[in-house]
Amino acid sequence: MNVGDFDSFMRQVHGHPPFPWQSQVVTEAVERGAWPALVDAPTGLGKTSMLDIAVFLLAMSAGGLGRRRIYMVVDRRIVVDQAEQHGRLIADALDEAERGTICWETAERLRSLSSAREGDPALRVVKMRGGTTWDAAWLPRPDLPAIVTGTV
């Protein structure tokens, strides 16, 4: 797995390539060994895909640069709901990936972080916000890769 695989990852998950700025974030994060201090992109240009970037970097570095818990916290419930749906799309693509694809490799690398087996979910997605009941199943297992969306 390498930086150049991000394009294929996005195509397999979403059916389209990443915006150039998204690919640049991946490249710069690997080169610098750190996340950008700021992502300043206009509305509608894919900031929610920072979730994809985080998942990809976690798998690519097998726990080095990436973090097992990926949080997206905003003050708008509708954005939290949309981010959760986006996260579930990623998780479903990983769980349904065909052997030998970049999504399959990503899923296997994520599973290896928690000693999960093929067929186990590669990525958990949890929504924590007012007005919903959230899944606390990830709490006793800090080794499970997860996207957590929530309100402030």
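Along the sequence shown, residues are numbered consecutively beginning with 1.
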If hydrophobic clusters are built by linking Ile, Leu, Val, Met, Phe, Trp and Tyr wherever their side-chain heavy atoms come under 4.5 Å apart, do Val152 and Met128 end up in the same one? yes

Residue pairs meeting side chain to side chain donor-acceptor pair (under 3.5 Å), one or both in residues 15-27, sequence neighbours left out, come to Gln24-Glu28

Between Asp143 and Leu113, is there a side-chain heavy-atom distance shorter than 4.5 Å?
no

Margin query: Between Ile147 and Val55, is there a side-chain heavy-atom distance shorter than 4.5 Å?
Written below: yes

Pairwise side-chain contact, Thr151 with Asp75, heavy-atom cut-off 4.5 Å (strictly under)
no

Handout entry: Check ion pair Asp81-Lys127 (N to O, under 4.0 angstrom)
Key = yes

| query | Does any N or O in the side chain of Arg99 come within less than 3.5 Å of the main-chain N or O of Trp104, such that one atom is a donor and the other an acceptor? | reply | no

_Hydrophobic clusters here meaning ILVMFWY residues chained together by side-chain heavy-atom distances under 4.5 Å, can you tell me if Ile70 and Val80 are in one?_
no

Is there a path of hydrophobic side-chain contacts, each under 4.5 Å between heavy atoms of I/L/V/M/F/W/Y residues, joining Tyr71 to Val126? yes

**Prompt:** Hey, is the main chain of Ala122 close enough, under 3.5 Å, to the side chain of Asp95 for a donor-acceptor pair?
**Reply:** yes

Worksheet item: Is any side-chain N of the basic residue among Asp7 and Arg11 closer than 4.0 Å to the acidic one's carboxylate O?
Response: yes

Item to check | Side chains of Met60 and Val3 in contact at under 4.5 Å (non-hydrogen atoms) | outcome: yes

Are Val79 and Val39 connected into the same hydrophobic cluster when the rule is that any two of I, L, V, M, F, W, Y join if their side-chain heavy atoms are below 4.5 Å apart? no

dist His86:NE2 -> Met72:CE (nearest 0.5 Å) comes out at 8.5 Å

Applying side chain to side chain donor-acceptor pair (under 3.5 Å) to Asp92 and not counting sequence neighbours gives none

Q) Mind checking whether Pro18 and Ser49 have side chains closer than 4.5 Å, heavy atoms only? A) no

Is there a donor-acceptor pair under 3.5 Å between the side chain of Arg69 and the backbone N or O of Val148? no

Checklist entry - Does the pair Leu89 and His14 meet the rule for a side chain to side chain contact (heavy atoms under 4.5 Å, CB included), with working shown? => result CA-CA 8 Å; Leu89 184 68; His14 300 288; 3.3 Å; yes

Value for CD (Gln12) from OG1 (Thr101), rounded to nearest 0.5 Å, stands at 4.5 Å

Next on the checklist: Within the 4.5 Å heavy-atom criterion, are Phe6 and Ile102 side-chain neighbours or not?
Outcome noted: no

Practice task
Run the numbers on Gln82 and Thr48 for side chain to side chain contact (heavy atoms under 4.5 Å, CB included), then give the verdict.
Solution key: CA-CA 9 Å; Gln82 291 169 343; Thr48 304; over 6 Å; no

Check your understanding: Taking C-beta and beyond as the side chain, do Leu58 and Arg109 meet within less than 4.5 Å on heavy atoms?
Key -> no

With the threshold set at 4.0 Å, does a side-chain nitrogen-carboxylate oxygen contact exist between Lys47 and Asp40?
no

Beyond-backbone contact of Met1 with Phe56, side-chain heavy atoms, under 4.5 angstrom: yes

